[in-house]
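Beneath this line is the structure, given in structure tokens, with notes to follow.
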Amino acid sequence: MTAEDAAAIEACATGEDSARCTMPPFEYAAKFVCGVQDDPEALRLTRGVYGTTVNVHNPWDRDALFYKKVAVAYPPAEQAAGDILQMGKDLLRYDEALKVDCEDIRETAFGGRFPTPYVEGFVVIQSFDSLDVTGVYTTAALIDDGAACCGRQDREVRNTGMEIVEIDERRKPRRPDPDPDPGAPDLLPESVFAPPPSDAPGTLPQNYCGELPAGVPISALQLHLRIRNQGDAGAGASTTTVLFSPSAQLDPVAGTVDLATPALAAGAAHEHVVDIPRRCFPGGGSGCSFRITADAAQPEDVAESDEGNNVAQSFCPGIAP
């Protein structure tokens, strides 16, 4: 870790603003309650004495650095968020452990004095490695010694109980890579020939259709198309499908052809040439409609930035034999 990275981590962990704030990837939030609730009318906690210890263990064969802070839930008494109080950073070597208890919370987070008889919230641990974190909660009831004899009422602590809870880790998103976002691919079908009136067939107003020299039978007519990746990232291999139909309603009776399109770098294109089925020209002179679909496999082979531009639809005029 460089000194610059360490400074960015420190700024982030201590709540300071940092343009390149680096958050540790693991976070634990252990509930704590500390102090005495002595008001029999209060319903926030049952009347009693409360204590909490949070134990942290490093199970790895390397040093583990982590930061501690307290997110206060009470006080304030109203339905509002409490303060976030820093408790510094610690380093545990292999198999070492430490605790954070009510005394530590009072001395380090609250400066030696709780603002109310009891406080509660979370001990938050942010770490660069997964840790073992366990909370130990103790409570004891406050029992008044009955009588109001002699203007005095004694108080007794009874029935101490303890609960141990393992604290689940939360993985925080790591700081984004400083390199630019590579973006995503975007495949779309397009024509090979220029638009009319300069398209390859010359007199045919259709720039997907190949030129048919004189004397060549209509069965040799071809469809020319290009699949282009206009996205910002490379696209893996995919399937392009062409559906042929003798009608504009694209009845697939004339057939469907699947074309293997290779992987395409950003900005690259691949050309396909497809023989148009003769049965797509009933009566010789009728046009053949078609629909081209890029990345036609289901599920799609390529995750694209725009899935709505994968289809092109047009027709090729028929030529009598």
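Computation of the quantities below employed the complete heavy-atom set of this structure, encompassing side-chain atoms and omitting hydrogens, waters and symmetry-equivalent molecules.
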Derivation of the ring-ring contact (aromatic ring centres under 6.0 Å, His included) call for Y28 and F66 = CA-CA 11 Å; Y28 305 82; F66 59 94; 9.0 Å; no

request  = Measure from NZ or CZ of K31 to the centre of the six-membered ring of F122 and say whether it is under 6.0 Å with the direction within 45° of the ring axis.
outcome  =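 Pair K31/F122 counts as cation-pi.
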
request  = Please name the residue in the list D132, I125, T134 that meets the side chain to side chain contact (heavy atoms under 4.5 Å, CB included) test with V56.
outcome  =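 Exactly one candidate clears the test, I125.
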
inquiry  = For Q79, I'd like to know if atom CD has over 12 heavy atoms of other residues, nucleotides or ligands within 6.0 Å.
reply    =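 Not more than 12 within 6.0 Å, no.
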
key: CD (E96) with more than 12 external heavy atoms under 6.0 Å   =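 Correct, the count exceeds 12.
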
Has [X] got a side-chain atom pairing as donor or acceptor with [Y]'s backbone, closer than 3.5 angstrom?
X: Q37; Y: L45; answer: yes
X: N309; Y: L188; answer: no
X: D295; Y: V302; answer: yes
X: R226; Y: P189; answer: no
X: D306; Y: N310; answer: no
X: N229; Y: L187; answer: no
X: N58; Y: R93; answer: yes
X: W60; Y: L131; answer: no

key: Interatomic spacing from CZ in F290 to CZ in F315 - rounded to 0.5 Å   =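 With rounding to 0.5 Å, CZ (F290) is 9.0 Å from CZ (F315).
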
message = As an exercise, state the distance from CG of L243 to OG of S289, rounded to the nearest 0.5 Å.
response =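 Atom-to-atom, L243:CG and S289:OG are 10.0 Å apart.
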
inquiry  = For S191 and H224, which I'm curious about, is there any donor-acceptor pair between the side chains at under 3.5 Å?
reply    =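 No, because no side-chain N or O of S191 sits under 3.5 Å from a partner of the opposite role on H224.
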
ask   = For V136 and T52, what are the C-alpha separation, side-chain angles and deciding distance, and is it a side chain to side chain contact (heavy atoms under 4.5 Å, CB included)?
value = CA-CA 6 Å; V136 181; T52 302; over 6 Å; no

Should [X] and [Y] count as side-chain neighbours, where that means a heavy-atom distance under 4.5 Å?
X: V124; Y: V70; answer: no
X: Y74; Y: V33; answer: no
X: T240; Y: I292; answer: yes

Of all pairs that satisfy side chain to side chain donor-acceptor pair (under 3.5 Å), the ones with a partner from residues 105-119, not counting sequence neighbours =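 Sorted pair list: E103-R106.
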
query = For Y137 and V165, what are the C-alpha separation, side-chain angles and deciding distance, and is it a side chain to side chain contact (heavy atoms under 4.5 Å, CB included)?
reply = CA-CA 8 Å; Y137 306 97; V165 177; 3.9 Å; yes

inquiry  = salt bridge (charged side-chain N to carboxylate O under 4.0 Å, His left out) for D39 and R47? Distances and angles first, verdict last.
reply    = CA-CA 6 Å; D39 182 357; R47 190 168 180 244; over 6 Å; no

